[in-house]
Visitor: 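Pasting a structure here, questions to come.
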Amino acid sequence: MLNPKNLESLAQQLHNALPQPLKNVGNDLEERFRQILQAQLAKLDIVTREEFDVQSQVLLRTREKLNELEKRLEELEKHQSKD
């Protein structure tokens, strides 16, 4: 999910763009904007930057382990072919 501060900022920008008479409805409308935005963004197939960074690190470690295993396998195959 997106950063709540970003949602808050977006909801505030929408609220600020309203004409003054509608701004008086204020808090209720802003809260409704926030609920609608959260509901719609939840439907999107996105991840947070933090989740992306964590998964990138996991992928990097996995790649390193795979490279090590491939090297070990090559060494074992060489050793076996010598026998």
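Residues: numbered from 1 along the sequence shown. What you see below is based on every heavy atom in this structure, not just the backbone, and it leaves out hydrogens, waters and symmetry mates.
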Visitor: Could you work out, with salt bridge (Lys or Arg N to Asp or Glu O under 4.0 Å) as the rule, every residue matching Arg61, not counting sequence neighbours?
Guide: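 Counting only residues at least two positions away or on another chain, Arg61 forms no salt bridge (Lys or Arg N to Asp or Glu O under 4.0 Å).
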
Visitor: How long is the gap from CG on Leu10 to CG on Leu41, to the nearest 0.5 Å?
Guide: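 Taking CG in Leu10 and CG in Leu41, the distance rounds to 8.0 Å.
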
Visitor: To the nearest 0.5 Å, tell me how far Gln38 CD sits from Phe33 CZ.
Guide: 14.0 Å

Visitor: Which distance, rounded to the nearest 0.5 Å, do you find between the NZ of Lys71 and the CD of Glu75?
Guide: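 Answer rounded to 0.5 Å: 9.0 Å.
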
Visitor: Tell me which pairs pass salt bridge (Lys or Arg N to Asp or Glu O under 4.0 Å) where either residue lies in residues 8-18, with sequence neighbours left out.
Guide: Glu8-Arg34

Visitor: Distance check, rounded to the nearest 0.5 Å: Asn67 atom CG versus Arg72 atom CZ?
Guide: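 It is 14.0 Å, given to the nearest 0.5 Å.
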
Visitor: Taking the side chain from Ser9 and the backbone from Lys5, do they hold a donor-acceptor pair closer than 3.5 Å?
Guide: no

Visitor: Quick one: do Val54 and Leu60 end up in the same hydrophobic cluster if we chain Ile, Leu, Val, Met, Phe, Trp and Tyr together by side-chain heavy atoms under 4.5 Å apart?
Guide: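 Looking at the clustering, Leu60 is in a separate group from Val54.
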
Visitor: Can you tell me how far the CG atom of Leu69 sits from the CD atom of Glu64, to the nearest 0.5 Å?
Guide: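 Separation between the atoms: 12.0 Å.
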
Visitor: Crowded around Glu70 CD? As in, over 12 foreign heavy atoms under 6.0 Å?
Guide: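 More than 12 within 6.0 Å, yes.
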
Visitor: For Gln55, give me all partners under side chain to side chain donor-acceptor pair (under 3.5 Å), at least two apart in sequence or on another chain.
Guide: none

Visitor: Does either side chain, that of Asn16 or that of Gln12, offer a donor lying less than 3.5 Å from an acceptor on the other one?
Guide: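 Yes - a donor-acceptor pair under 3.5 Å links their side chains.
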
